[in-house]
Amino acid sequence: MMRSDLLEIVHHFAVQGKVLDIAPLGSGLINDTFRVKTDGPDDYVLQRINNAIFTDVDLLQHNIDCATAHIRRKLEAAGETDIDRKVLRYLKADGGEKSYWTDGKGYWRVSVFIRDAYTYEAVNPHNAYCAGKAFGAFEAMLADLPDTLGETIPDFHNMELRARQLHEAVAADRAGRMAEPEVQAILAELLPHEEEMCKAERLYREGKLPKRICHCDTKVNNMLFDADGNILCVIDLDTLMPSFVFSDFGDFLRTAANPVAEDDPQVDKVDFRMDIFESFARGYLESAASFLTEIEKENLPYAACLFPYMQAVRFFTDYINGDTYYKIKYPEHNLVRTRNQLALFKAASAKVPQMFGVWET
Ligand code: GN1
Ligand code: MG
């Protein structure tokens, strides 16, 4: 994309000041993100929304607008200051009501860049505790959202669907990768756990598990921290939608409790850090206690295993399909990610008894 094209897009939004520079930002696997530097009071984040994945951009931005407005009102009522650094603010396009602009091909949005904030790919027990508190509070703030939010990706964290997609990929073998011995070996390791991992959908069907508004992508790098390691703001709200609380609890630990990145090929370095689990769970339970049911609470250790498992299945499915979903940097990337997440699943599963120990104390 040319800089002049990006500049033209930015000007559909009421940014203040003169644009000085537009440069790529972050490491997301789905959207394209740029930082827009200006000589005005704020810089901005320009994003091209991946509408092959988020097919209903209107619903997507509706969810985000409702949720951010609701959180903003709550922060104001609580007497918070510096609110523009604590909740995202999207600009309306062309002076209208929509917070995105499209030329019919691309879908774009602009939010205010949050200053003096840090992201981490790894955390320590202190910021894991802060993150737990922040996500519990985030869900608590949205628990009484008056608007109805839709599922931006229907059944996004539905393990039964992810399992079905894997089976379909295996049967179709579009990229001819089923002949690889390693693919067969991974499949054999994944399948025996499938039924057990689909427990959430069964509990939901039995009316025992509610859906709530969740973030659904609580990776560590979707959180902004201040210089002291406290959470400033939760970002990347694309997957904000009704889901099980397991999503937010499990996906955070999937990235935070693993000492290495999700695509690190050194599988022997993968582990599930119990110090991170303990501090995150403590923070989360402190602020989520007000709304969590017993069933939700007693299944949080299951959630800690479910998310590495689901992510392994998703990366693996994409590998078998010929890498059509996640951005990859080299041909085996999705296979490396799968191995890593499978190792994490095993490490977490082995520690489930210890996780229950944390509950009892
Ligand atoms: C995707 O784009 P990013 O990195 O925030 C994915 C998540 C996965 C994650 C794995 C919409 O998130 O569900 O957990 O990659 N988002 C979507 O890194 O599929
Ligand atoms: Mg994301």
Side-chain angles (χ1 to χ4, degrees), residues 10 13-28 31 33-47 49 61 63-93 99-100 108-124 126-142 145 213-240 248 252 255-256 280 283-284 286-287:
V10 168
F13 299 84
V15 301
Q16 284 180 275
K18 180 171 173 285
V19 175
L20 302 175
D21 186 36
I22 304 181
L25 176 72
S27 58
N31 299 316
T33 310
F34 305 87
R35 176 167 177 178
V36 180
K37 289 203 171 138
T38 78
D39 65 1
D42 287 310
D43 284 352
Y44 298 89
V45 176
L46 167 70
Q47 259 189 331
I49 305 167
Q61 287 301 119
N63 282 359
I64 293 179
D65 292 343
C66 294
T68 51
H70 191 70
I71 292 175
R72 185 170 288 273
R73 279 192 297 273
K74 293 225 161 161
L75 294 175
E76 279 164 5
E80 290 273 353
T81 54
D82 207 12
I83 292 177
D84 263 356
R85 289 175 74 219
K86 296 179 183 162
V87 59
L88 290 177
R89 183 157 66 84
Y90 281 94
L91 271 47
K92 304 286 185 206
S99 58
Y100 66 92
W108 299 84
R109 66 184 168 199
V110 170
S111 62
V112 175
F113 180 82
I114 297 180
R115 279 165 291 108
D116 306 323
Y118 304 85
T119 53
Y120 297 94
E121 295 294 331
V123 293
N124 56 39
H126 171 67
N127 39 46
Y129 168 79
C130 296
K133 270 204 95 143
F135 274 113
F138 184 81
E139 289 174 355
M141 280 195 280
L142 294 174
L145 183 73
I213 306 300
C214 296
H215 181 280
C216 295
D217 192 12
T218 50
K219 293 199 295 195
V220 181
N221 59 14
N222 279 335
M223 256 162 271
L224 300 182
F225 294 82
D226 68 14
D228 303 321
N230 298 311
I231 293 272
L232 261 180
C233 184
V234 173
I235 59 170
D236 190 356
L237 304 176
D238 293 333
T239 50
L240 189 103
D248 291 355
F252 177 84
T255 46
F280 178 71
Y284 182 73
E286 270 175 35
S287 51

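Just so we're clear, the structure is a prediction, and the values are computed from it rather than from any experiment.
- Aromatic pair F252/F280: ring centres closer than 6.0 Å.
- Looking only at side-chain heavy atoms (C-beta outward), V110 and Y44 come within less than 4.5 Å of each other.
- With hydrogens and angles disregarded, no donor-acceptor distance shorter than 3.5 Å links the side chain of D248 to the backbone of C214.
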Show your working on side chain to side chain contact (heavy atoms under 4.5 Å, CB included) between I83 and T81 and close with a plain yes or no. CA-CA 5 Å; I83 292 177; T81 54; over 6 Å; no
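- In this structure the side chain of N222 never reaches within 4.5 angstrom of the side chain of V234, judged on heavy atoms.
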Report the C-alpha separation of D65 and K92 in whole Å, then their side-chain angles, then the decisive distance to 0.1 Å, and conclude whether the side chain to side chain contact (heavy atoms under 4.5 Å, CB included) test is met. CA-CA 10 Å; D65 292 343; K92 304 286 185 206; 4.0 Å; yes
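- Closest of all the heavy-atom pairs between V10 and V19 is CG1-CG2, 4.1 Å.
- Using a distance-only test at 3.5 Å, with no hydrogens or angles considered, a donor-acceptor pair links the side chain of N124 to the main chain of N127.
- Nearest heavy-atom pair, L237 versus I64, reported as atom, atom and distance to 0.1 Å: O-CG1, 3.6 Å.
- Of all heavy-atom pairs between D228 and H126, the closest is O-NE2, 3.7 Å.
- Counting only heavy atoms from C-beta outward, the side chains of N230 and F225 never approach each other to under 4.5 Å.
- The side chain to side chain donor-acceptor pair (under 3.5 Å) search around Y90 returns none, not counting sequence neighbours.
- Minimum heavy-atom separation, S287 to A137: OG-N, 3.3 Å.
- Here the side chains of Y100 and F13 are not in contact, with every heavy-atom distance at 4.5 Å or above.
- In this structure, R35 satisfies the cation-pi test against F113, with its NZ or CZ atom closer than 6.0 Å to the six-membered ring centre and inside 45 degrees of the ring normal.
- No donor-acceptor distance shorter than 3.5 angstrom exists from the side chain of D39 to the backbone of G17, with no hydrogens or angles considered.
- The shortest distance between side-chain heavy atoms of L224 and I231 does not fall below 4.5 Å.
- In this structure, R115 contributes its side chain and R85 its backbone to no donor-acceptor pair below 3.5 Å.
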Yes or no on side chain to side chain contact (heavy atoms under 4.5 Å, CB included) for N31 and R109, after CA distance, side-chain angles and deciding distance? CA-CA 11 Å; N31 299 316; R109 66 184 168 199; 3.6 Å; yes
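- Between the side chain of D43 and the backbone N or O of T38, at least one donor-acceptor pair lies under 3.5 Å.
- A pairwise comparison of heavy atoms in T119 and M223 identifies CG2-O, 3.6 Å as the closest pair.
- Aromatic rings from Y284 and F135 are positioned such that their centres are separated by 6.0 Å or more.
- Using modelled atom types, one finds no donor on one side chain facing an acceptor on the other under 3.5 Å when comparing T239 with D217.
- I71 approaches F138 most closely through the heavy-atom pair CD1-CE1, 3.5 Å.
- For H215 (side chain) and E139 (main-chain N/O), no donor-acceptor pair under 3.5 Å exists by modelled atom type.
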